[in-house]
Each structure stands twice: as C-alpha cells, then as structure tokens.
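From a predicted model like this one, the values you see are computed outputs, not experimental measurements.
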Amino acid sequence: MKNATSEERWDYHKKDSSWLFKSQTLDLKKLLSDFEYHFIYFVLGQDFNAFENWKKTLRILSHFKTGFENGIDNQTNLKGISKFIRTLIIQLVEFPADMLEVAQDDNLLYEYCCHIIQLSKNNLPERAQRLEKFIGDQFQWSLPVQKPKNSTSSKTQK
C-alpha cells in the first residue's frame with residue numbers, strides 16, 4: 001500500500017479495519033463490550049444513536065480481516081472474533097423484526113453477516129456454519145452463490 005493513491009488506500013481501509021487494531025486505535029475486548037452495550041441500549045432503551053453506534057461497531061468487527069486469521073500471534077483475536085459471532089447470533093434473536101423488512105440485497109446486516117461467514121469459514125468453520133444456518137432459519141436469507149474462478153489451464157497435446 002506504500003505506492004497506492006490516497007483513494008486506493010481509503011478504499012482498502014474501508015474494506016479492512018485491521019489497521020485500526022494494528023495502530024492500537026482500538027482494543028478488541030473494549031470493542032466487543034461496546035458492541036454488547038450499544039445493542040442493549042438500542043433494544044431496551046429504543047435509543048437510535050445506540051443503533052447507529054452498534055452498526056458502526058458491527059462494520060468494524062465484520063471487516064477485521066486479520067482477526068479472522070489463524071496464527072500463534074493471533075489466538076487472542078480469533079477467540080474474540082469467535083465470541084463476537086456468538087454474541088451477534090444471540091443479538092439477532094432479539095433484533096426488532098420490523099428493522100429486517102428491508103430486502104436482503106439492500107440490507108447492511110445481511111451484507112455484514114455474509115462477510116463474517118466468508119472470513120470465518122477457514123479458521124472458525126463451526127461459527128460460520130452456525131451463523132449461516134441461523135440467518136437462513138431466522139430471516140430466510142441465503143448466502144450469494146460464489147462463482148468459481150475461471151482458471152485457464154493450458155492442455156498440452158502429446
């Protein structure tokens with residue numbers, strides 16, 4: 001990213017919030033706590049500012065690519081992300097139904113859930129499956145069909 005234009009950097013950082021954690025701007029434990037706190041204030045207190053903060057926190061967590069990766073140095077993050085997915089499922093059980101009447105393709109929550117499932121399939125497959133099954137059962141959402149990448153294999157004749 002050193003030689004990238006500012007627009008390319010902005011687009012990259014928009015799609016991957018890992019830089020916020022690397023720069024120590026955010027702490028995963030605190031962010032998970034805020035995620036739970038904002039949801040409670042939104043649902044119980046009908047506080048729409050809390051809902052906006054919950055969505056921002058959800059976006060950051062669902063785009064924390066390095067948090068979904070496995071590695072010796074990343075076990076704490078992976079445990080935190082596993083807790084995040086579990087918490088999200090629990091929250092979605094209590095999510096106000098009228099907030100989900102937006103079409104699947106126009107729904108940010110659907111988009112973030114799909115992103116979380118894709119990122120967690122390799123290192124947290126049981127969480128990915130649980131979230132995918134839950135959103136299918138609860139909201140009748142299905143993941144977009146992944147098109148196989150075209151690989152041009154050259155065949156040599158003998």
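Counting heavy atoms from C-beta outward, L58 and F84 have side chains that approach closer than 4.5 Å. In this structure, the side chains of L88 and C113 come closer than 4.5 Å at one or more pairs of heavy atoms. Contact check for Q138 versus L92: no side-chain heavy atoms found under the 4.5 Å cut-off. Side chains of H38 and E52 form no contact here, defined as non-hydrogen atoms less than 4.5 Å apart. Side-chain contact between N122 and F68: absent, with no pair of heavy atoms (C-beta onward) separated by less than 4.5 Å. The side-chain heavy atoms of I89 and R130, taken from C-beta on, include a pair separated by under 4.5 Å. In this structure the side chain of L131 reaches within 4.5 angstrom of the side chain of I116, judged on heavy atoms. F39 places a side-chain heavy atom less than 4.5 Å from the side chain of W54.
The aromatic ring centres of Y41 and Y37 sit less than 6.0 Å apart.
When all heavy atoms of Q91 and E36 are compared, the closest pair comes out as NE2-CA, 3.7 Å. Shown here for D137 and Q140, the closest heavy-atom pair between the two residues is O-NE2, 2.9 Å. Taking each heavy atom of F21 and L26 in turn, the nearest pair found is CD2-O, 3.8 Å.
The CG atom of D34 lies 8.5 Å from the CG atom of N53; values are rounded to the nearest 0.5 Å. A distance of 8.0 Å separates CG in N123 from CD in E69, rounded to the nearest 0.5 Å. Note that OH of Y112 and CG of L61 are 11.0 Å apart. Values are rounded to the nearest 0.5 Å. Atom CD of E126 sits about 12.0 Å away from atom CZ of R86, to the nearest 0.5 Å. Rounding to the nearest 0.5 Å places CG of N107 at 9.0 Å from CD of E111. In this structure, F134 CZ and I117 CD1 are separated by 11.0 Å, a value rounded to the nearest 0.5 Å.
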Exercise for review: Give the intermediate values and the outcome of side-chain contact (heavy atoms from CB on, under 4.5 Å) for residues T87 and L32.
Suggested key: CA-CA 9 Å; T87 301; L32 289 170; 6.0 Å; no
**Study point:** Chi angles and distances behind the side-chain contact (heavy atoms from CB on, under 4.5 Å) call for I85, S120
**Key:** CA-CA 9 Å; I85 296 170; S120 60; 3.9 Å; yes
Practice item. Test H115 against L119 for side-chain contact (heavy atoms from CB on, under 4.5 Å), laying out the working first. Key: CA-CA 6 Å; H115 202 260; L119 286 174; 3.5 Å; yes
Check your understanding: Which is it for K121 and E132 under the side-chain contact (heavy atoms from CB on, under 4.5 Å) test, yes or no, and what are the steps along the way?
Key -> CA-CA 10 Å; K121 277 190 174 184; E132 185 173 0; 4.2 Å; yes
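Proximity of a side-chain donor or acceptor of Y110 to a complementary backbone N or O of I135 within less than 3.5 Å is not detected. In terms of modelled atom types and a separation under 3.5 Å, the side chain of S18 and the main chain of T66 share a donor-acceptor contact.
Between the side chains of S82 and R127, at least one donor N or O lies within less than 3.5 Å of an accepting N or O.
Using a 4.5 Å cut-off between side-chain heavy atoms of Ile, Leu, Val, Met, Phe, Trp and Tyr, with links allowed through other members, F35 and F48 fall into the same hydrophobic cluster. Grouping the Ile, Leu, Val, Met, Phe, Trp and Tyr side chains by contacts below 4.5 angstrom, directly or via other members, places F95 with L108. In the hydrophobic clustering of this structure, L109 groups with V93; members are Ile, Leu, Val, Met, Phe, Trp, Tyr whose side-chain heavy atoms approach within less than 4.5 Å, directly or through other members.
Using cut-offs of 30° and 60° on the angle between ring planes, the pair W141 and F139 is tilted.
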